A.B. asks: 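Okay, here's the structure, questions in a sec.
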Amino acid sequence: CSCDHTQGVQQTPVVVKTELPLQLHGARTEPSALLKVQGSVHQADGTVVSVQPMIDSGASGTGFADPAFVARSGAVLRPSQQRITLADGSVVRATGEATLTYSVGARDCGSNNEAPPAQFTSTFIVTPLAPYELILGVGWLEQHHAQIGFRERSIQLRVDGIGKQH
């Protein structure tokens, strides 16, 4: 109806923020061109789930997780209104988002000595990625001041002010 049922109550305007879609490009790249690291996702009950995150400097944001992997890792899938532009130009809605605590294998910079795994907690946008389970995007690389050695197929990160090689 056109009548005012608020009876003098001031309505707060709702601001709808229009966000550009996140970009997800490398997931469709030839496997030989991909940079991957060894990692583990840590569940609340102490269970560890192995994962091999792909590093994708063409993926905007922190990164992406596959819905089946999120379920297997025991993470809570929360709603998300995020849109994602895929490599083929199509735009899809995210399945949701999930926060994961995970670690990646490491060694101290300048030596071949194994170092304790570097542990992180990040929120990932959830979308189908098969055959990939977890993609670390450019936002993750920026956050950790990543220096990528493409020839060596290595990544150097700053973790708690200390250089770690992955």
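What you are looking at is a predicted structure, and each value in this text was computed from that prediction instead of being measured. Index from 1, following the sequence.
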A.B. asks: List the atom of L77, the atom of G96, and the distance in Å for their closest heavy-atom pair.
C.D. replies: CD1-CA, 3.8 Å

A.B. asks: Taking all heavy atoms of I135 and all of A59, pick out the closest pair and write down the distance.
C.D. replies: CG2-CB, 4.2 Å

A.B. asks: May I ask whether V37 and V51 are part of the same hydrophobic cluster, defined by side-chain heavy atoms of I, L, V, M, F, W, Y residues being less than 4.5 angstrom apart, directly or through others?
C.D. replies: yes

A.B. asks: Between L134 and L100, does the side chain to side chain contact (heavy atoms under 4.5 Å, CB included) criterion hold? Intermediate values first, please.
C.D. replies: CA-CA 10 Å; L134 191 64; L100 300 173; 3.9 Å; yes

A.B. asks: Verify side chain to side chain contact (heavy atoms under 4.5 Å, CB included) between S122 and T99, making sure each step is shown before the conclusion.
C.D. replies: CA-CA 6 Å; S122 303; T99 301; over 6 Å; no

A.B. asks: Hey, mind stepping through V49 and S40 against side chain to side chain contact (heavy atoms under 4.5 Å, CB included) and telling me if it holds?
C.D. replies: CA-CA 5 Å; V49 179; S40 302; over 6 Å; no

A.B. asks: Tell me the closest heavy-atom pair linking T95 and T127, and the distance in Å.
C.D. replies: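 For T95 versus T127, the nearest heavy atoms are OG1-CA, 3.9 Å.
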
A.B. asks: Kindly indicate whether the side chain of R78, heavy atoms from C-beta on, has any atom under 4.5 Å from the side chain of T123.
C.D. replies: yes

A.B. asks: For a 4.5 angstrom cut-off between non-hydrogen side-chain atoms, does Q81 reach R93?
C.D. replies: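 Yes, side chains in contact.
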
A.B. asks: With a 4.5 Å limit on heavy-atom distance, are the side chains of P53 and K36 in contact?
C.D. replies: no

A.B. asks: Between atom CG of D56 and atom CH2 of W140, what is the distance when rounded to the nearest 0.5 Å?
C.D. replies: 12.5 Å

A.B. asks: Would you tell me whether T101 and T121 have side-chain atoms, one donor and one acceptor, within less than 3.5 Å of each other?
C.D. replies: yes

A.B. asks: Any side-chain heavy atom of F124 sitting closer than 4.5 Å to one from T62?
C.D. replies: yes

A.B. asks: Before you tell me yes or no, could you show the steps for F120 and Y102 under ring pair (Phe, Tyr, Trp, His ring centres under 6.0 Å), namely the whole-Å CA-CA distance, both residues' side-chain angles and the distance that decides it to 0.1 Å?
C.D. replies: CA-CA 5 Å; F120 307 93; Y102 56 101; 5.6 Å; yes

A.B. asks: Under the side-chain hydrogen bond (donor to acceptor under 3.5 Å, both in side chains) test against S103, which residue among H42, Q38, Q119 passes?
C.D. replies: H42

A.B. asks: Linking I/L/V/M/F/W/Y whenever any side-chain heavy atoms sit under 4.5 Å apart, do V138 and I55 land together?
C.D. replies: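 No, no single cluster joins them.
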
A.B. asks: Would you mind reporting whether L86 and V92 have side-chain heavy atoms less than 4.5 Å apart?
C.D. replies: yes

A.B. asks: Closer than 3.5 angstrom, by distance alone: can the side chain of Q43 be matched with the main-chain N or O of R72 as a donor-acceptor pair?
C.D. replies: yes

A.B. asks: Is a donor on one side and an acceptor on the other found under 3.5 Å between the side chain of S73 and the backbone of F69?
C.D. replies: yes

A.B. asks: Check whether R83 reaches the backbone of A94 with its side chain - one donor and one acceptor, N or O, closer than 3.5 Å.
C.D. replies: no

A.B. asks: I'd like to know if the side chain of D66 and the backbone of L129 have a donor-acceptor N/O pair within less than 3.5 Å.
C.D. replies: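 Answer holds: yes.
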
A.B. asks: Are V126 and Y132 connected in a single hydrophobic cluster, I mean Ile/Leu/Val/Met/Phe/Trp/Tyr linked by side-chain heavy atoms less than 4.5 Å apart?
C.D. replies: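 Hydrophobic grouping puts Y132 apart from V126.
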
A.B. asks: Any side-chain heavy atom of V41 within less than 4.5 Å of one from V48?
C.D. replies: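 V41 does not reach V48 side chain to side chain.
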
